Amino acid sequence: MEASFLAAVKISILAIVVIFTVLVILIFTIKLLVKLIPYVAPPPAPPRHQTASSTSSDQDEHVAAITATLAIHLGKSPNEFRIVNISQS
Amino acid sequence: MEASFLAAVKISILAIVVIFTVLVILIFTIKLLVKLIPYVAPPPAPPRHQTASSTSSDQDEHVAAITATLAIHLGKSPNEFRIVNISQS
Amino acid sequence: MEASFLAAVKISILAIVVIFTVLVILIFTIKLLVKLIPYVAPPPAPPRHQTASSTSSDQDEHVAAITATLAIHLGKSPNEFRIVNISQS
Amino acid sequence: MEFSFSASATKILTTTGFSQLAIGDTLMILVACLLIYLAIWKKFEPLLLLPIGFGCLLANIPMSMMANTDAGGLLNFFYQGVKHEVLPPLIFLGVGALTDFGPLLANPTTLLLGAAAQVGVYITLIGAVLLGFNMHEASAIGIIGGADGPTSIFIASKLAPHLLAPIAVAAYSYMALVPLIQPPIMRLLTTEDERKIKMEQLQPISQTVKIVFPVVVTIVCCLMLPGVTPLLGMLMLGNLFRESGVTARLHETAETHLINIVTILLALAVGSSMTADSFLRLETLKIIVLGLLAFSIATAGGLVFGKIMCKATGGKVNPLIGSAGVSAVPMAARVSQKVGSEADSSNFLLMHAMGPNVAGVIGSAVAAGVFISLFGDVPAPEPHAAIADIVGTVEPGIRAAISQVADIAAKAH
Amino acid sequence: MEFSFSASATKILTTTGFSQLAIGDTLMILVACLLIYLAIWKKFEPLLLLPIGFGCLLANIPMSMMANTDAGGLLNFFYQGVKHEVLPPLIFLGVGALTDFGPLLANPTTLLLGAAAQVGVYITLIGAVLLGFNMHEASAIGIIGGADGPTSIFIASKLAPHLLAPIAVAAYSYMALVPLIQPPIMRLLTTEDERKIKMEQLQPISQTVKIVFPVVVTIVCCLMLPGVTPLLGMLMLGNLFRESGVTARLHETAETHLINIVTILLALAVGSSMTADSFLRLETLKIIVLGLLAFSIATAGGLVFGKIMCKATGGKVNPLIGSAGVSAVPMAARVSQKVGSEADSSNFLLMHAMGPNVAGVIGSAVAAGVFISLFGDVPAPEPHAAIADIVGTVEPGIRAAISQVADIAAKAH
Amino acid sequence: MEFSFSASATKILTTTGFSQLAIGDTLMILVACLLIYLAIWKKFEPLLLLPIGFGCLLANIPMSMMANTDAGGLLNFFYQGVKHEVLPPLIFLGVGALTDFGPLLANPTTLLLGAAAQVGVYITLIGAVLLGFNMHEASAIGIIGGADGPTSIFIASKLAPHLLAPIAVAAYSYMALVPLIQPPIMRLLTTEDERKIKMEQLQPISQTVKIVFPVVVTIVCCLMLPGVTPLLGMLMLGNLFRESGVTARLHETAETHLINIVTILLALAVGSSMTADSFLRLETLKIIVLGLLAFSIATAGGLVFGKIMCKATGGKVNPLIGSAGVSAVPMAARVSQKVGSEADSSNFLLMHAMGPNVAGVIGSAVAAGVFISLFGDVPAPEPHAAIADIVGTVEPGIRAAISQVADIAAKAH
Ligand code: NA
Ligand code: NA
Ligand code: NA
């Protein structure tokens, strides 16, 4: 028992040393990376156009439009349906 | 042939007895269950708040906003429908 | 080497002959098919009804309505996007 | 390697499917086209019959290696999922996720209608025995009357794998024909007055009951009939995903893309078993006749029990909901609604018929469980099969290795 | 075939699960119901514990053939995906697709907190050895302190498959209990002043760094600890799908339906390993106690290192973010936020705690890699197993064939 | 068990990937990073080349057990789906679901352009034979000219599995380079006047024809060349899901999550075959050169036949649509559009080029079918392989059992 306890302690110390070693190497790699490739603020967003390409906020508008349409179109309880998926092709 | 016919009849009667036994037990279990856990009408939906938390994803916010809009527009509780997924491609 | 070169040439000619044969047969089959089953312009869409129950064609109507609104909303062709699924719960 | 022009050309010609196209293959290709036609233009259970038909088409192209028996072939690979009974339970996971047992819980006695409709299973079993099938085969044929595709496929692959193709095709075809088969029987067996009976509105059910129900069904039914656990357990797990309210992600996947993927694989595998050898037989004709019998008697069984319940409750139960006990969800319930509203246009039976309708699914699963309890303990259907047979569908590499070892062993004699 | 009524009835009775229901099975069914209850009503990691509990329920129905050891059974089939270490890496693919490593990149030193929390792993390992487990078992138990389900399952199935069930259940249960376990320890080990420390806003990170990061982690960590490549590599691939911006399709599938499908299969497989034989043992109790120890010490380890970092930075680091180093994403980070805002309601630690939180995932994976390097080279856990044992879980057809060949070979002696 | 500190530390050091990192591995890791770079920043077929590159990265980390030849490893498991030809047909199911054959049906003679572009396959085959490849290898290399990833992978894994990695990488890379490779050839081989030709609007096609088309193609082509059934049949089934209008669920799954899941598995498997041993060879360089030749000649073949059709129709066909016959859907059609609009900005060739573009997919499949008819009847590529080799990729448990049986058999001699 004592032997395995000692073995477990040895293993544990060794493992923690390895973990810290690996992660310290990783920290310095990341720091190097962040230094080499600094963050560049993106240019201010251009005014919104209605283009063929869909952005995140276009999606928002789609959903709003669908919402409005459903409200107008359905003269009935909308709890009978749900919008599962809207995908662009 | 006659032997297998008789066997088939026996099997059939036995099986139907088993089926009815199992399902009658199930019926009584369900009745007991429904008696033990009666239906309680849910309280009326509480008024919706616009929370400031920015931890949930944009998707969640979109869905919440759409749900709220639909709820207001249609006079339905937001719990009565759900938008499962809005995907972008 | 020369032997395999010759073999390769033979194989190639044979294969191209087979490919053209298969595809020519396919061309004539398609032409026959198109002749046998000519395109018929679909009749203009019938006027809409607002019914209480949702059927398969209601689903189509929902999709058409949503599509039309989106098209107007985004200023683009209805063919550029597609609503995949509206499921009933 | 020598490549003479004529030799190569001959090789291509002799390896075309045309060169080996037998009458049987041609007939099966026509059968495949018929199934595809029925699926698309007659809307016969298209989600199943379209890929089944296409799988049949592929399997019957000679030398395409797409039959379920072509070891190493693509569809043989999918077929392993049927043979080892993995795909039908996964379908049932999705079915459970799609099913609302609320109407059944609101009126649990309708479970008896789901039980009564199983009469179709047993009359058909007796008929099948009279037509010369053995008891295992007759059981697999009888279960067509359960009107449940995955259950039929599960039982057929377990008890009579050589009849899988006609049983699956008959089951799905007649399910699609429910709106044609049932109404005449319903009108015949019920009176105008009975059809006009309006039923009381269903009681609302606590969400907690809906959550506890799948667990209770699993414990009660699977403890009594353990053989049906893969089917019924997965059905109930899917329903628990639905009702628990805490596993929306898993519920959504189970009822959409997972069931769709499994449907594609299962249907192709079933189609691949429709080879001329296995399908163009007198047995197939018999199974088609017996399948119609099964559906008709199941409908009648449900109706007659519906009439008994009508009497017993003093006219509170419309017997028309009995026919929905065959399952075939939700078509059979819609048929009850339609026939009911023909008698009285203000009669709405749909929700009432959904109770026996989903009860029919449980009823068939229980019937399947009885068969497995009685006949399911046969480890090898061909007890004296040689190694070659047992290994028949095994992955080629392993097969080769085993054969070589067998050779060495044989030489060592 | 003769079918006497009484014989058939007897057969059905003797094949019910009731006829064989032992006390162990009953207890395990109750355990299953408890897990399902905790998942649904207490919201204990429901996506995992609900199907694990249901799998346990199915596995303990006698004669249902649903235990992980029932060769040819449905859940045994899913279990192969755990045994051959396919499912946990696929879960990690989805986890990577769901994880934003941005906060970690903005403050990379928080990786040290993820390392410090691994102390819980090793104290637990030592405790497990003291309680009589061997080194392999102790390692698998210790990794519970890593607070990462897939990592725990991966290591358990590799080093101590017979302990898989209690380890997986303990790991997910304590993960769900993080909001209860951590706050007292956090309040005990930090001062009011420390908890009030506000941290500077995180620097924004270039998208290029976010893209390069998963590749760099894979190269650095997997080269040093190759055994963890299936886990860490797939985690990083999922993250690359997310950040690259050019694989939106794959990203969406990996983080939704693929991870959902794999979760269903994995959880059912884990549940199927919860048989009375493997679970109702003293070891399970020990593992539950050790698991609690593991989580507590991991929390403490993170906090103590947080205090060290606080000192070293002159009070710029709030030690509360250290407890998030256990992983259990994102609950542990939310706990840091909550305890911090209790001390000062204007203190927002969430984003700062996300750094050590995701670092904890990498830390546990690295810890797992160390175990695999040390103990992972044991090709057969049971070195003297007979053919019968090795072949135990193999497909029945192959097994039959191999047995027959073995017979022939034996006779040839 | 004894654990001395130094022994354990030594063990960890000797099991790091660094300790075994050869020059070949390092070079392959660089190749992997190059592929990932091209996928993300140059948008080279990112859905395929990103996971292929990442799979290559994982496979070349020493001792990670992630190469396709590491039995029991994760990527070896996925690789079985390539080896047994399951994954490419499933990709084609999704491609069929995504493809609109309408433009081809409106102008069926464009099928000839898809046939003419296959010239690239055969010139390359001849070139490959001249460079010393045998006929099977040359066929697999030639099919790169078909510009169809799944077809290339299918044929390579059937006829020359040892060349799978360079063939797949070349195929997808050149597909990504179509917008660079094709325009100069197009401008060289066509006159300004030809490029300005405007084509008549396409006739509308009955939906019924669109539905019947996939069934007809399957019957006609697969009957003539049965070997291509798994590929072409699944392509057509996917298209039938799309056009039938009754299988929307299956269509949606096939074109989204199913194809995405299979893409992830397939690409990782292909990447795992990019080991230093198999990739850092002179053959790879030759294949890269031959691949470029294949694409260029395929483009030229389509263009020349386009000119012939232009003459034959009295100038109604713009030869630029011929280059789209290489497939590489839809990039090649876009290139036709772009080069056409450069000559006359009011010239819209896109829809006209879609006809030959999808015809190219069918053309390559037919070319693949011819190869399978000629060379596909070799059951075992290594006819004299010993048991150990055949069993090499088999599940370890089975392998162990077979070896033991083989030992017993050997001893029995
Ligand atoms: Na039924
Ligand atoms: Na951790
Ligand atoms: Na092509």
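Bear in mind that the values here come from a model prediction, so they are computed numbers and not experimental data. Hydrogens, waters and symmetry mates play no part in the numbers below; they use all other heavy atoms, side chains included.
Taking CG from D/Leu250 and CG from E/Leu47, the interatomic distance works out to 5.0 Å, rounded to the nearest 0.5 Å. E/Thr16 contributes atom OG1, which lies 8.0 Å from atom CG of D/Leu223 (distance to the nearest 0.5 angstrom). Taken to the nearest 0.5 Å, the CG atom of E/Leu58 stands 11.5 Å off from the CE atom of D/Met236. The line from CG of E/Asn60 to SG of D/Cys222 is 12.5 Å long, rounded to the nearest 0.5 Å. Between the CG atom in E/Leu74 and the CG atom in D/Leu87 there is a gap of 10.0 Å [rounded to 0.5 Å]. Taken to the nearest 0.5 Å, the CD1 atom of E/Ile61 stands 6.5 Å off from the OG1 atom of D/Thr218.
Only the side chain of E/Met66 comes within contact range of chain D, with heavy atoms under 4.5 Å apart. Contacts between E/Ala39 and chain D at a heavy-atom distance below 4.5 Å involve the backbone alone (N, CA, C, O). Neither the backbone nor the side chain of E/Leu75 comes within contact range of chain D; no heavy atom of the residue lies under 4.5 Å from a heavy atom of that chain.
The number of heavy atoms from other shown groups lying within 6.0 Å of CG (E/Leu180) is above 12. Atom CZ of E/Phe77 has 12 or fewer heavy atoms from other residues, nucleotides or ligands within 6.0 Å. Remark: E/Phe78 CZ is packed, more than 12 non-hydrogen atoms of other residues, nucleotides or ligands lying under 6.0 Å away.
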For residues 259-268 of chain E, tabulate all N or O donor-acceptor pairs below 3.5 Å that involve a side-chain atom, not counting sequence neighbours.
from, atom 1, to, atom 2, distance (Å)
E/Asn260, OD1, D/Arg249, NE, 2.9
E/Asn260, OD1, D/Arg249, NH2, 3.0
E/Asn260, ND2, D/Arg249, O, 3.2
E/Asn260, ND2, D/Thr253, OG1, 2.8
E/Asn260, ND2, E/Thr256, O, 3.2
E/Thr263, OG1, E/Ile259, O, 2.6

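At a heavy-atom cut-off of under 4.5 Å, chain E is reached by D/Thr229, D/Pro230, D/Gly233, D/Met234 from residues 227-235 of chain D, listed in order of number.
For the set D/Leu258, D/Val370, D/Leu90, the entry with the most heavy-atom pairs within less than 4.5 Å of chain E is D/Leu258. Between chain D and the options E/Gly55, E/Pro51, E/Gly73, the largest number of non-hydrogen pairs under 4.5 Å is found for E/Pro51.
Annotation for D/Ser244 and E/Leu50: closest pair OG-CD2, 4.0 Å, computed over non-hydrogen atoms. Across all their heavy atoms, E/Gly17 and D/Pro226 have their closest contact at N-CG, 3.4 Å.
Within the 4.5 Å cutoff, the side chain of D/Ile372 has no heavy atoms near those of the E/Thr15 side chain.
Looking at residues two or more places apart in sequence or on another chain, you find no ring-ring contact (aromatic ring centres under 6.0 Å, His included) involving E/Phe54.
For residues 17-40 of chain E, the ring pair (Phe, Tyr, Trp, His ring centres under 6.0 Å) pairs, not counting sequence neighbours, are E/Tyr37-E/Trp41.
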